[in-house]
Amino acid sequence: MTKPIAFIAPYKKLADLFVEVADEMNKDVEVFIGDLQEGVNIAKDLEDKGYEVVISRGGTALAINDHTSNLSVVEVVVNGFDLIRVLNEARQYSGKIAIVGFRQFTYGLEDLDYIMDIDIKVITLGEGSYNNFDYIEKLLIKTKEEGYNCLVGDNISIKIASKLGMNHYLIRSGKSSLAQAILEAERILRIKNEEMEKTQRIKGIIDSVNDGIISLDKNGTIQIFNSRAEEILGYKAEDVLGVNLSKVIPQINYQKVLANDSIEVDKFYRLNNIELLVNIISIKIKGISAGLVITFQKAANIQKKEKTIRKELFLKGYTADKSFDNIIGESQAIQNAIKEAKKYARENLPLLIYGETGTGKELFAQAVHNFSLKSREPFVAFNCAAVPEELLESELFGYVGGAFTGASKKGKTGLFEQAHGGTLFLDEIGEVSLSTQAKLLRVFEERKIRKIGDDRLTPVDVRLILATNKSLSELVKEGRFREDLYYRINVLRLNLPALRDRESDIPLLVKYFIDNSNKKTNRSIRGISTKGMELLKKLNWPGNIRQLENTIERLCVKTENAYISEKLINETIQDLNEKINLNIFHENKIPNKSLEELEKEIIKKVLDEEGGNKSSAAQRLKIGRTTLWRKLNK
């Protein structure tokens, strides 16, 4: 956990003022007093204790920044009001005034003499001179000789000016400057925490995959070496991070890929007596090469895992037996979706179907295929999330005989070839790795595939329909989905409505599912009571049509009457841990209350949950404490 912010004051009066400001702002900031080297020593101790951000001023801030590596230093700026206040005081005793400070303070002060009608000399100290007292003393002696016997500056300059017998005035930071420094320190701390969390999340993702992953910078230095790479290659990450790849794995010629700005896909290397299937992909940032990512896996594992997966039979079939006539619903939402899908069916372009779990994405995919010009051709459906990443490529693209140790001598035909001339439906496309996404992009661009272990390209004519229940645009922002592939597949987009957005279709769907159950069980259940149907309509149905179907099947098994009762529905819902709270409304059920009444209820509920803590309540409501006070008073 990150330590709180600390303030290192060069002198006690500044520390006292800072404490006063922090108390007024209700901020938890630890305060220390130490000038220059003493301040640096304090900062180093804080750094060792895990502090992330310190606030300081003037030369002490510069010294801390130069002598620490992991601390972010926020400098208390001297604003115009602070400077004008001290100049106005100094002008009463001298006509010629020298202002001394570092560049971040003195920049732009040259016009003050004209504005304030004072003879002012601005002296800018060198960047590294905060601890060079001889240098500063020589400057001030020369300044005094030029007739500037009054000096305005920071703590260092004031001490030397006092020694030289010069009139001197310390520029003190006001409350506003200190308050701004606290806010800036909090902003930096928040950003550092977010970056730390993001880094840990990325590390967790990288370590969780089955592929070995090595990331190189543009010089070939190893930056990432995940746990799977350690396991496969037998090296410890701590021993190879920061080392050039040529010294660790000389067999891989990464310079060639960098020089040609190219990609190596499905290359076989024998490393440490292990046969590996390797991919090398160039990384670009704003069109400029930033290094490489190398992914690899043991070739022998592919065939072994494939045999296990075959038993699950992820491939769903080669024909589509559903049409638009099988889509039940008369609501405007579902009719609009059907109309749009029919229009897209006639186009030989990629179609992306988005819908929550259980909304019927594969049903629409089959209907689109059967309504298209490819209806007499194969329809191949595949769930990308059901297959381990190391086998996904062999499923999609196939491999040639003897491509790797343990591979079938006959080779394997991939899904693209099986769907040649027809439609390939890839469900859960958002779960595909970046490596496989790169290969899918090549298929879009070249209309050809390359089998694992093959040096030839095989032309394919396939209409792709892809489905997801995730926001691909958000995955693009998170770096988990390629932006170029996203724009390729997002040519035609079909959004399927959730069941809660087509409430009027629930009676039709219920009747259909009851009829199906009667056929299976040879019973004659006639329907659901009126109150029971109203109860079903009030459910939010997070699992959508699939959840409704399962619920109706369970009710049909449990009922002993011709009509399913409200009581049985309530009992069944409780059994499923899906009890309805009839007082809670979902997005298409707006209560008959004013906006002011709803706001009052929400504020009261949040305050109760936060034990009356108004600061916590305001934070949850995403409003300021002042706004919350105003609403409570109202």
Side-chain angles (χ1 to χ4, degrees), residues 313-329 334-355 359-387 392-398 411-432 436-437 439-451 456-469 472 484-496:
L313 199 61
F314 294 114
L315 192 62
K316 297 180 180 178
Y318 296 90
T319 60
D321 56 4
K322 303 295 182 182
S323 67
F324 286 112
D325 293 335
N326 297 111
I327 300 174
I328 299 169
I334 198 66
Q335 288 301 314
N336 287 345
I338 292 172
K339 181 180 179 181
E340 192 171 15
K342 286 182 176 179
K343 180 173 64 176
Y344 292 161
R346 297 301 183 182
E347 304 293 336
N348 191 27
L349 293 169
L351 171 61
L352 178 62
I353 301 177
Y354 172 78
T359 49
K361 295 185 285 293
E362 183 172 352
L363 173 59
F364 266 84
Q366 290 194 29
V368 166
H369 172 78
N370 282 328
F371 201 74
S372 72
L373 300 177
K374 295 179 178 287
S375 59
R376 295 183 179 273
E377 302 299 329
F379 174 85
V380 179
F382 190 78
N383 187 339
C384 298
V387 182
L392 184 56
E393 290 180 19
S394 67
E395 288 289 341
L396 291 173
F397 309 111
K412 177 183 179 304
T413 302
L415 297 178
F416 275 93
E417 283 187 273
Q418 294 173 31
H420 182 69
T423 301
L424 176 58
F425 172 62
L426 298 180
D427 200 3
E428 304 293 352
I429 190 63
E431 301 296 330
V432 175
T436 303
Q437 289 174 34
K439 296 178 182 180
L440 285 173
L441 181 62
R442 290 185 65 184
V443 175
F444 275 102
E445 293 174 345
E446 301 174 2
R447 311 293 294 179
K448 298 174 183 178
I449 60 147
R450 188 194 300 274
K451 292 183 178 182
R456 296 176 296 108
L457 293 174
T458 303
V460 289
D461 175 22
V462 174
R463 199 268 174 95
L464 272 172
I465 300 179
L466 309 106
T468 181
N469 60 5
L472 295 186
D484 44 9
L485 179 60
Y486 172 68
Y487 288 123
R488 280 283 189 175
I489 66 177
N490 200 28
V491 179
L492 303 177
R493 180 186 175 104
L494 180 64
N495 294 312
L496 301 187

In the structure I gave you, are the side-chain heavy atoms of [X] and [Y] within less than 4.5 Å of one another anywhere?
X: Ile327; Y: Ile338; answer: yes
X: Asp321; Y: Asn370; answer: no
X: Val432; Y: Leu392; answer: yes
X: Arg450; Y: Phe397; answer: no
X: Leu472; Y: Tyr354; answer: no

Would the distance check show the side chain of [X] and the main-chain N or O of [Y] forming a donor-acceptor pair, the cut-off being under 3.5 Å?
X: Asp427; Y: Leu466; answer: no
X: Arg463; Y: Leu349; answer: yes
X: Gln366; Y: Lys322; answer: yes
X: Arg346; Y: Phe371; answer: yes
X: Gln418; Y: Thr413; answer: yes
X: Arg376; Y: Gly422; answer: no
X: Glu395; Y: Leu415; answer: no

Return the [atom1] to [atom2] distance between [X] and [Y], rounded to the nearest 0.5 Å.
X: Leu426; Y: Phe382; atom1: CG; atom2: CZ; answer: 8.0 Å
X: Arg493; Y: Leu352; atom1: CZ; atom2: CG; answer: 5.5 Å
X: Asn336; Y: Leu496; atom1: CG; atom2: CG; answer: 12.0 Å
X: Leu440; Y: Glu393; atom1: CG; atom2: CD; answer: 9.0 Å
X: Phe364; Y: Glu340; atom1: CZ; atom2: CD; answer: 10.0 Å
X: Asp484; Y: Leu441; atom1: CG; atom2: CG; answer: 4.5 Å

What is the minimum heavy-atom distance between [X] and [Y], and which atoms define it?
X: His369; Y: Ala320; answer: CD2-CB, 3.9 Å
X: Val368; Y: Ala345; answer: O-CB, 3.5 Å
X: Ala337; Y: Asn495; answer: CB-O, 4.4 Å
X: Asn383; Y: Ala385; answer: OD1-N, 3.0 Å
X: Phe416; Y: Val462; answer: O-CG2, 3.4 Å
X: Gly430; Y: Thr468; answer: N-OG1, 4.2 Å

Would you sort out whether Thr423 and Val380 count as a side chain to side chain contact (heavy atoms under 4.5 Å, CB included), showing the intermediate values?
CA-CA 6 Å; Thr423 301; Val380 179; over 6 Å; no
Worked verdict on Ile353 versus Ile465 for side chain to side chain contact (heavy atoms under 4.5 Å, CB included)
CA-CA 7 Å; Ile353 301 177; Ile465 300 179; 3.7 Å; yes
Is the shortest side-chain N to carboxylate O distance from Lys451 to Glu417 below 4.0 Å?
yes
Taking NZ, NE, NH1 and NH2 as the nitrogens, is one of them in Asp461 or Lys374 under 4.0 Å from a carboxylate oxygen of the other?
yes
Looking only at side-chain N and O atoms, does Asn490 offer a donor or acceptor that is under 3.5 Å from a partner on Arg488?
no
